[in-house]
Structures are given as C-alpha cells and as structure tokens.
2 protein chains.
Amino acid sequence: MAVTLADVAAAAGLSGSTVSRALSAPEKVNATTRERVERIAREMGYVPNHSARSLTAGRTDLIGLMVPDIANPFFPPIIKAVQARGMQHGRTVLIADVDERTADELPRARTMRRQVDGLIIASPRTPDDMMDELLALAPVVFVNRAVPGAASVVIDEAGGMAQAVEHLAALGHRAIAYLNGPKRSWSNTQRRGAVQAASARLGLDLVEFGPFEAQVQSGVHAADLVIARGITGVIAYDDLIALGVMARLTERGVRTGADISVIGVDDSPMSAMAYPTLTSVHVPGDAAGSEAVDALLAIIEDRQVEDDEHVVLDSRLIVRSSTGPARTA
Amino acid sequence: MAVTLADVAAAAGLSGSTVSRALSAPEKVNATTRERVERIAREMGYVPNHSARSLTAGRTDLIGLMVPDIANPFFPPIIKAVQARGMQHGRTVLIADVDERTADELPRARTMRRQVDGLIIASPRTPDDMMDELLALAPVVFVNRAVPGAASVVIDEAGGMAQAVEHLAALGHRAIAYLNGPKRSWSNTQRRGAVQAASARLGLDLVEFGPFEAQVQSGVHAADLVIARGITGVIAYDDLIALGVMARLTERGVRTGADISVIGVDDSPMSAMAYPTLTSVHVPGDAAGSEAVDALLAIIEDRQVEDDEHVVLDSRLIVRSSTGPARTA
DNA sequence: GGTTATACTGCAAGCGGTTGCTGCAACCGC
DNA sequence: GCGGTTGCAGCAACCGCTTGCAGTATAACC
C-alpha cells in the first residue's frame, strides 16, 4: 500500500515523532536531520494521509462552497476564485450545487458542514426566518446576501443599478421595466430597490414584472409583457433573462437598442458576445469569491476578527449596444 | 465539541464496539439494542466523524472530478450528474477546475488523488505520451476521451457530426468549413475526423480553420475567415465558437441561416436561446457523468469488471434556425 | 571539571471509529 | 444434567499522524 510515516521513520532510523516534526514543524528539528528526512521521504514517495492528519488535528483543510446553480454563469467566476484562493492557503474546496432547490440548502449545508472546516454560501435563497439555522453551521460566510450577525461579502449593486437607470434616463427613456429575479433572492431585493429609488429620483415610470427564474426562457416570456406595455427601457434581473428578452424581441421584429433598450446584470462572458452586445451591470464575482475565502479563513484560524464583518464590493455599468436613445415619438 | 461514539456508548451503557456495530452492521446486534442505540444516537445528535472512519476504512468516500473549465457550458451538466449520482451512492464529489491549463492536469490530479477514492477526468488535454501518468492514479475513469487500458465514457460524436454534414449537404451547401477546437483536444480529433469523413463521402469541399480556444471570441475571429473564403456552411467545434461566429456575421451584415449556415456542438442551453437559435449536435453530458460514476464505483468496489470498459453514448443533431438552404447563386 | 542551560529526539497517549477474537449466558437436544 | 451451539456484547489492537512530556547528549558557563 501507501508509504506511511512509520515506513519513512524506519528507513531513516528515527522515530515517527521526529519524522513528523521534520516534515511539519521544521524549526523543532535539527537542520541536518530534517534534510535527511525530507530526502528519504521524497525518495520513498511518502505522502501524508489526510484522514489521519485530520483526525488528530481536528480539521479537514476542506472548505465548502454552496451555490444555487453551477450552470448559471454568475457562479463559475466565484467558484474559480474560491478554489484559487483556497488553494493558495492549502485548502481544498468542496462544491455543492443545490440546483435552485431552496429547500435543499439547509440539509445540504448541514451534510457538507460535517466534512469541512467552514462554509461559504453563495446567494442563499433560504427564507430569513431560517437563516439562523444556516448561521448555526458556523464558521460560515455568505456571499451576495447580507445576514445580520454573520460574515458576508456583498456586492453593492445599488450603485450599478442606479447607473443603469441613469443611463436609460439619459437616453431619453421615460417608461422602463424591471424584470424581477427569483422570489427568495436577496440580490433581487437589492437590485429592485435600487431601480425603484433611482426611477423615483429621476421621475421615470417604472413597471415591474416577475418574479422570474434566472433563465433565458424567463426573458422570452417577459419580452412579450414588455412589448404589450409599450415600454422602451428594460432592466432585467440578470443577463440570462436579458438575453431571453433580446432573443424574443428580435424574433418579434423589435430591434434591441433601437426600439427597446435592454440592460442585464452580471456582465457574464455572454453579454459581450450576444448580438447586439448586452449593456450590463458588472458584478465582481471573482473578487467576492476571494474575499469570502479570506473572511472564512480569518474566522477559522481565529485571527482576531469580528465574525460578522461585511465586505462590500462595487458594481458598475458596462455600456454596450443593447441600449440606445429612445425614439422620439 | 461534537458528540462521539464513546459519548453515545456511555449514555447507552454499552461499549463502543456495540454502538459502532449497531449503527453500521445492524445484523450483528440484537434488534432491541440496536433500536435503543439508534434512538440515543439520534437524541444526542451523534454524527460519525468522517476522518476517523476514513482512517480505519481506508477510503474517504470522496470522488474527484476534474474538468478543464467550469465556465464552459459543456461541463456543468456533467458536474451536476456526477454529483447527483455520487450522492445516491453516498459519495461526495471534489471538483477541480484546471482553467484550461493543460500542464496543470497531471499535478492537480495527483494532488486530488490523495484525498479521494477515485478520479473522473473529463476531457483531459494531457498529451498521449503522458496519459500513463494519469492512468497510474487509478482508479480513474475518463470522460470524453478514449484511453487505451483505462475505463472511459465517450460520446460517439461521429454520428452527430455526420448528421451535421449531411444536414448541410441536404440543404445544398457545397463548400463548408470546420472550425477546429483546442489543439490537444481529443474531442476535436473525433469531431474533425467525422466531418472529414462525411464531407468526403458526400463530395463536399471542406476547409478547416483553427485550432481555436473554446471561447466565443474565437468564433468572432473565425467568422471573418469564413466570409473571406466564400463558404456557406460552418460547423464549429462547439457552441461557444458557433455563437461567436453568428455574432460576428450579424455584425457584418451577413444573415445566419440565410447567407451562411452555422452549426455548433454541445447543444448548450444557450443554443436554444441565441438568435437565431443555433442548430447544434447534442452531446449527452449528463448521461456521461452518471455513467462515469457508475464505472468508477464499479472499479472502486471491485465488482468483477474490466477496468478498461468503454461506455459509448450517442450524439445527435438538433436542427434549429441557424441553418437553412444554400442560396442558389 | 562540575553544573546548568540548550537542543534534539523518543516515548506514549491519544484523535474517533472498526473489527477479530474472546467470553458469557441462554438455549438446544439427548 | 451435561456437552455443544448459537447469539450478543466487550476487550483491545489498530488505522496514520500529532504532540506534551521526559530523557539524553552536547554546549556553555563558572
């Protein structure tokens, strides 16, 4: 089977303790001895057993990341960033995709918690009155939802959303629509609120549709509602919905950017590639992922930190060609 | 801290062995005792410690899944399927995203192998002459690349690709192009070969471009090459590239489906949503994921199976509106 | 040279479960 | 009534590694 610490010890004519220390607490061992141990261990292909180490150390060096849906382009950047950052700190990331099933979040999180040192939960949809139970799985850091008493990394979407509304207003649009995202989505609450506030401030007529699932198909549906209401500016909950809107508009002979302006949120890779290219609010998922890992490790490693620290990242509008001046009727 | 087996044993007035058996080898314990133990364990909120169990059992109940790029829409379905299937068998899935860095595959796989019972490697780009080293990390199952002497789940793309070529031929296209995918991609070799064979069989003029990275941007670039050559039918390595081609064609005033027909591969969710909707070769990634788990577990659990079994799944063309009859000049 | 500080290294006891073997008691049949 | 099964539960060793404490050799000091 595999080479164990004892094997290395035997080969080196030392005790297991010394070998152990030589490999993980270098300063406690004579330099010469250490080098010899390291060489022998390498030659024998020794690889420490994770389970054994976890058992004594009381930690697994695993961190859990839960996302609603890997297929949603908003999450891969977060996942990648979490993995990258985790790896830098010697942590492996366990990913759970709950497939948008809100009710699965808590049980999945509980299960996962048993195998990991801490949890990062992205865009949790769990209702407010049950968040305590997620919180109880501490250490846990939330991404994309501010939770009282818990550490979180949120993106200040208000800024970007306000920019989106201002952009439409500047282009002369008077009647705009906001397409709501999933019912339980904390992000949606934020985005919607910002749009409402900005619209009111700028004196625009705002109509809301939805809630919609974060899928292209939802946008296809929404597009018809928008056309029916004679609206000229649309801000969708996310890029997927926006893309659906654009596809449907084109299908119905309505020119996106000319007849109706469409804005998405997430600035996913597709937005730059759609036709027309999609104006979108950039949400720095990758940065959020890194920050989340840092926050989590800070808690796990018990560096004197508040465990309810809130990191806030900025969003901003990226203007492309799905938005254009309102037709002067 | 957490409730341990010893705690439960003490509370039940039994020895640890009995509790252990009551919980994991029910038949070796008196029914009455078992029920009592189960009740007490439940009441105390006992949860067996993963590391400890792994240590004695010699297995982690973790399986590793390596993919080139989570953000590539081809992989999420595979990931989801692997997770779902794994969960059904009490396995947790560890995911590694190598970010398309071929050189990272082997080291990442090696690292991951230490923590898991077996590996599923999707679309490995590692060159043939180094595949032995991946193979040496057995048990390992490859997805989307047939490897001699190793278990693998591949999708017979030849069928779908041939259908794609036939489709173009039936529509009257005589000069077609194939846009190659990444250099090291085994899939590309398969797809390309099938296109070549079918083109030759049907007497079409085939031009090849690439290799290209599997990104929308690649397609944008490729589109110009295609236009310059007066080609009317394009088969791209994957949907992303195809979407890029379409976007660029539209941008240049060329009508996809009318002037130039475009076919993608993967049948990703976006293909149904692009405008025009993208004709694409459906590749059953989800089924491949499930099959891979089954194959891996068969090897791990040592059910008398060849460990170089090849599962082959079929692909098929989904016709949408990005393809249409060739203009009769 | 004797003594104490210093620097390593080894011993052994766990970490939380699993499991082969032993022990014991109730039960069986003759 | 006795030997022989059979069914359960407990003992103890072990999985591979970490770590507090003790032991020893060497260095440093007076």
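To find a chain, count down the sequence lines: A is the first, B the second, and so on, and within it residues start at 1.
Atom NZ of B:Lys28 and atom C1' of C:dT19 are 7 Å apart (whole Å). Distance, B:Glu27 CD to D:dT6 P: 18 Å, rounded to whole Å. The separation between A:Arg34 atom CZ and C:dA7 atom C1' is 14 Å, rounded to whole Å. C:dT18 atom P lies 11 Å from atom CG of B:Asp61, rounded to whole Å. If you measure from atom CZ of B:Arg59 to atom C1' of D:dC15, you get 13 Å, rounded to the nearest angstrom. A straight line from NE2 of A:His50 to P of D:dT18 spans 11 Å, rounded to a whole angstrom.
Put simply, the side chain of B:Glu291 never gets that close to the backbone of B:Val153: no donor and acceptor are under 3.5 Å apart. With B:Ser185 contributing its side chain and B:Ser187 its backbone, the two residues share a donor-acceptor pair below 3.5 Å. A donor-acceptor pair under 3.5 Å links the side-chain atoms of B:Glu105 to the main chain of B:Arg125, judged by distance alone.
Taking all atoms of both residues into account, the shortest heavy-atom contact from A:Pro148 to A:Leu135 is O-CD1, 3.8 Å. Contact record, B:Leu55 with A:Ser51: N-CB, 3.9 Å, taken as the closest heavy-atom pair.
Scanning atom types as modelled, no donor and acceptor separated by under 3.5 angstrom connect the side chain of A:Ser15 and the base of C:dC11.
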Quiz item: Please walk me through it: do B:Asp286 and B:Lys80 pass salt bridge (Lys or Arg N to Asp or Glu O under 4.0 Å)?
Solution: CA-CA 7 Å; B:Asp286 48 358; B:Lys80 283 168 183 276; over 6 Å; no
Contact list (N/O, under 3.5 angstrom) for nucleotides 15-17 of chain C vs protein:
unit_1, atom_1, unit_2, atom_2, d
C:dG16, N2, B:Ala52, O, 3.4
C:dG17, OP1, B:Tyr46, OH, 3.1
C:dG17, OP1, B:Asn49, N, 3.2
C:dG17, OP2, B:Leu5, N, 2.4
C:dG17, O5', B:Tyr46, OH, 3.0

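Side chains of A:Ser15 and A:Thr18: a donor-acceptor N/O pair is present below 3.5 angstrom, by distance only. In summary, the side chains of B:Thr60 and B:Gln115 do not present any donor paired with an acceptor at a separation below 3.5 Å, with no hydrogens or angles considered.
Within the 4.0 Å cut-off from OP1 or OP2 of D:dG10, at least one side-chain nitrogen or oxygen of B:Thr18 is found.
For A:Thr33, the side-chain atoms get nearest to C:dT9 when compared with the rest of C:dT9, D:dA9, D:dG10. Of all nucleotides listed (D:dC21, C:dT18, D:dA9), D:dA9 comes nearest to the side chain of B:Arg21.
Residue B:Val19 is out of contact with every strand shown, counting any heavy-atom pair closer than 4.0 Å.
Here the straight-line distance linking atom CG of B:Asp128 with atom OG1 of B:Thr189 works out to 8.5 Å at 0.5 Å rounding.
Computed from C1' positions of five pairs at each end, the angle between the two local axes of the helix from C:dG1-D:dC30 to C:dC30-D:dG1 equals 50°, rounded to 10 degrees.
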